[in-house]
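Note that ligands are numbered from 1 as they come in the structure, with each ligand's atoms numbered from 1 the same way. FYI, the numbering just counts along the sequence from 1.
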Amino acid sequence: MQPAATGALIGIDIGGTKTLGVTLSNTGEVLGKSFEPTREGLDIASHAVEMYHALREKASESGASVSSLGIGIAGLVDVSGRLHRAPNLVNADGLEICQLVESEIDVPVHVDNDVNCAALAEIYSGAARGVQNALLVTLGTGIGGALIVDGAVHRGAFGMAGEPGHMVIEPNGVLCACGMNGCWEAYASAAGLRNLAIRRAEDGYLEEISETVQGDLGGITSEDVTRTANQGDKQSLAVVDEFARWVAVGLANCAALLDPEMIIVGGGLVADWHLFGQKIDDSFHELLLASGQRSFIPIKPTENGEVAGALGACLLGRTQ
Ligand SMILES: [Zn+2]
C-alpha cells in the first residue's frame, strides 16, 4: 500500500522527551528525518512549524512538493486538534496545537494522539497490515493505546479513545502519574516496573540493585531491573515475572471488551521482550475468558520502531 498520488507528506511525532519529523514521498520513500529534544508550552507549536519548514526545504531539493503536515502528540487530543491533557509534556495542557500550526503554514494540518499515529503506521507497513481489529499498547514511561476497528484507528466520540493505561485495576492501589490510584499504568509500564522493584527491595529482596543505589530505594529505575534480569539475577527475574502478570491483566481486560484479532505491543520496554514476552503471553491466555474455546489472539511487538509515530503522522494527511 502506498500513499495517494498527492505531494509528499510530513509527519512530526511530539513525545515527552524527543520530537521526530519524517517526510514521506508519494511513492512511500522517506525523503528526510529530523530528531530534536521536545520543547515546552507554546514553543511546542513553533518548533513544529520550524521543523516543517526545514523538512519541506529538504524535500524541495529532491523536487517534491509537500501537501500536508500531520502531528502526533503524546496526550489527549480531540478531533479539532486541541490538546486537552498531556502529563508528559511541559505546560502543554489546553494547547490549540492544530490551530497554532495551521495559522503559520500553507498546507492542511492534522493532529492525533501519538499512539494512534503509531497504529496507522502499523496498519500501513507493520504488524497490523491487513488486520481489521487489533489493539496497540505501548509500554514506555507510561502506557499508551490505540484501537484498530474495521481496519481503521477508532478515535471515539471526541477523539480520545484508547487510553487503557488509566483503567483502574486496583482501586486502593499505588498512585499513578495522573493522580488516581491503581491505574494499570502504575503496574505495567516502566514506572510500574520501578514501583514493583521498590516494593520488592523494601521487603528485603533485590540485594544487588539495593547495593547499586546504596540503599536509596527511591533511586531504583526500571533499567536497573532489566539490566540485572538480563544478567540472570533470579530476584530481578521474579520482579519481571510479576510485571509480566500485571501487563497480562490489563491486556486480558482489553481483549474481553474488544475481541481483537491480535495485540501489538510497542514502546521502550519492547527492547526487553525476550525477558517477559512469553510470560505475558502465558498469563494473558490464562486470564482471557474462554481462552481454550475462542480463536487464538497473538501478542506481537510493533515493527516500525521509534519512527512509527512520525510515519503514522504523515499518513494522517492521506486518511483525513
Ligand atoms: Zn492513571
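- Inside a sphere of radius 2.8 Å centred on the Zn ion (ligand 1), the protein N/O/S atoms present are His166 ND1, Cys176 SG, Cys178 SG, Cys183 SG.
- The closest donor-acceptor contact from the side chain of Asn304 to the backbone of Val307 lies at 3.5 Å or more, if one exists at all.
- The pair Lys234-Glu208 fails the salt-bridge criterion, with no side-chain N (NZ, NE, NH1 or NH2) lying under 4.0 Å from an Asp/Glu carboxylate O.
- Lys33 meets the salt bridge (Lys or Arg N to Asp or Glu O under 4.0 Å) test with no other residue; sequence neighbours excluded.
- Ile148 is not connected to Met160 by any chain of hydrophobic side-chain contacts under 4.5 Å among Ile, Leu, Val, Met, Phe, Trp and Tyr, and they are in different clusters.
- Salt-bridge check for Glu50 with Arg39: passed, with a basic side-chain N closer than 4.0 Å to an acidic carboxylate O.
- The aromatic rings of Phe296 and His285 lie parallel to each other, their planes meeting at an angle below 30°, with 60° marking the opposite boundary.
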